[in-house]
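All remarks here apply to the structure that follows.
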Amino acid sequence: MSALPQDVRYAFRMLGKSPGFTAAAAVTLALGIGANTAIFSVTDALLWKPLSLPDVDRLTMVFELRGQQRGDWNTVTPANYLDWKTQNTVFEGMTFYRWGGANLTSAGGDPERVQNVLVPADFFDLVGVQAAVGRTFAREEDQPGREDVAVLGYGLWERRFAKDSGIVGGMVELDGRAFKVIGVMPKDFSFPITAELWSPLAWSPQQRNERQNHMLFPVARLKPGVTAAQADVEMKGIAGRLQQQYPATNRNWTTRLIPLHEFMIGDLTRQYTTMLLGAVGFLLLIACANVANLQFARATGRMREVAVRTALGASRWSIVRYLLTESVLVSAAGAALGLLIAFWGVSVIK
């Protein structure tokens, strides 16, 4: 071990005498490492950790499907959703969300367009996440006349209100209507993705009986021990009964279950991200091969140095150890530069 510091010092000295080789090798490795690290980070976020929800594997989207269409889905009418919710025996609960952008006005800044998501009062309870500051919706707050409350996303709270907890209990305006802020969600909660705030959707009696306006994205949590296949069979049975009961609106409409994780990723995102990950993997292999070729070319010109060291009594192991030390230093330089490239790449992709 006492010879290692000497090998490191000598390796630094020799690399300094070959700045062209050192720079070329380090930059080549850095490009391969940086690209792989950046794309792996994106892949990890998109494919493997798109949502930080409790028991996310038991959450599924439930959509309507027209006729025998394959690989397609439709949003759901309010009346069909309510029938599904009351008639199924495979879900612990069902909730939904509906997109609804709004113009946000507050005393803290200029008006801005935000992504408001309309949900029932049990939305956060079903997905299993509670507010980081304040609270989420109470049961009666999705009834007509009592829905003037809102929950902020962490990003909006940080950007618009500078993380001031005093906003909880304060008022904001959405499309000119006053809402009371009751809570702020945790930093890692973003469901549905791009949501900036949530407010209750209060239905009138007419809306509850609506079977033609497809508008809802239902989310359900499977009961323990119930498989997605079992749930799919039961939901198709319920849809069949609704076809017979309401032929004017439900004829040829069935159901389709999509695991929440799969729905949030999307088939095209998975395919393109996997292809991109494979491409940068080949890029890293090419970078390693190029550096190996540079090393071989340099080694050819160092045969005299190796012969002299051998003649002076250096063992084969000491020569190998020194060459490995030199390679490790080049690799470390490439890795450090690669991390900087990866950090920059991830920020650009975001």
Side-chain angles (χ1 to χ4, degrees), residues 8 11-12 14-16 18-53 56 109 112 114-115 129 132-133 152-164 184-197 260-262 264-295 298 324-350:
V8 172
F12 270 120
M14 294 304 294
L15 290 173
S18 304
F21 161 79
T22 304
V27 170
T28 301
L29 286 175
L31 291 174
I33 293 171
N36 273 268
T37 304
I39 299 304
F40 182 85
S41 299
V42 173
T43 302
D44 183 56
L46 289 177
L47 300 188
W48 302 317
K49 299 176 183 177
L51 294 170
S52 56
L53 299 177
V56 68
E112 65 173 299
V114 295
Q115 191 62 265
V129 180
V133 182
L152 301 180
Y154 190 94
L156 179 63
W157 180 52
E158 181 178 44
R159 185 186 77 251
R160 177 84 184 198
F161 302 101
K163 297 196 291 189
D164 179 14
V184 179
M185 296 307 293
K187 185 175 183 178
D188 59 351
F189 180 79
S190 58
F191 177 67
I193 295 174
T194 73
E196 295 180 284
L197 64 87
L260 180 60
H261 182 277
E262 179 182 325
M264 299 307 295
I265 295 172
D267 292 337
L268 291 179
T269 299
R270 181 185 296 277
Q271 294 173 17
Y272 292 150
T273 305
T274 303
M275 290 171 57
L276 188 58
L277 187 62
V280 295
F282 279 111
L283 176 63
L284 181 59
L285 291 176
I286 293 171
C288 292
N290 286 337
V291 172
N293 286 332
L294 288 174
Q295 290 276 33
R298 186 164 180 259
L324 285 175
T325 301
E326 193 174 279
S327 298
V328 168
L329 291 178
V330 172
S331 301
L337 182 58
L339 290 178
L340 294 177
I341 294 175
F343 182 80
W344 172 80
V346 170
S347 64
V348 170
I349 293 172
K350 288 182 177 180

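Here the structure is a predicted model, which is why all the values come from computation and not from measurement. We use all heavy atoms of the structure for the numbers below, so side chains are in, but hydrogens, waters and symmetry mates are not. All residue numbers in this chain count up from 1 along the given sequence.
- Scanning for ring-ring contact (aromatic ring centres under 6.0 Å, His included) contacts around Tyr154 gives Trp157, with sequence neighbours left out.
- Here the shortest heavy-atom pairing between Ile341 and Ala30 reads CD1-O, 3.8 Å.
- The two residues Ala26 and Ala333 have their closest heavy-atom pair at CB-CB, 4.2 Å.
- In this structure, Phe161 and Leu152 have side chains that are in contact, with non-hydrogen atoms separated by less than 4.5 Å.
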Next item on the list: Start with the C-alpha distance between Phe191 and Val129, add both sets of side-chain angles, then the distance that settles side chain to side chain contact (heavy atoms under 4.5 Å, CB included), and finish with yes or no.
Entry: CA-CA 10 Å; Phe191 177 67; Val129 180; over 6 Å; no
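- Qualifying side-chain hydrogen bond (donor to acceptor under 3.5 Å, both in side chains) partners for Glu112, counting only residues two or more places apart in sequence or in other chains: Arg159, Arg160.
- The side-chain hydrogen bond (donor to acceptor under 3.5 Å, both in side chains) search around Ser327 returns Gln295, not counting sequence neighbours.
- The distance from the CD1 atom of Ile286 to the CG atom of Leu283 is 6.0 Å, given to the nearest 0.5 Å.
- The distance from the CG atom of Leu53 to the NE2 atom of His261 is 10.5 Å, given to the nearest 0.5 Å.
- Expressed to the nearest 0.5 Å, how far OG1 of Thr28 lies from CG of Asn293 amounts to 11.0 Å.
- No side-chain donor-acceptor contact under 3.5 Å links Gln115 to the backbone of Glu196.
- When all heavy atoms are compared, the tightest approach of Gly32 to Ala287 is CA-CB, 4.4 Å.
- Of all heavy-atom pairs spanning Ile33 and Ala335, the tightest one is CD1-CA, 3.8 Å.
- Looking at every heavy atom in both residues, Cys288 comes nearest to Leu29 through SG-CD2, 4.4 Å.
- Going from atom CG of Asn36 over to atom CG of Leu31 covers 11.0 Å, rounded to the nearest 0.5 Å.
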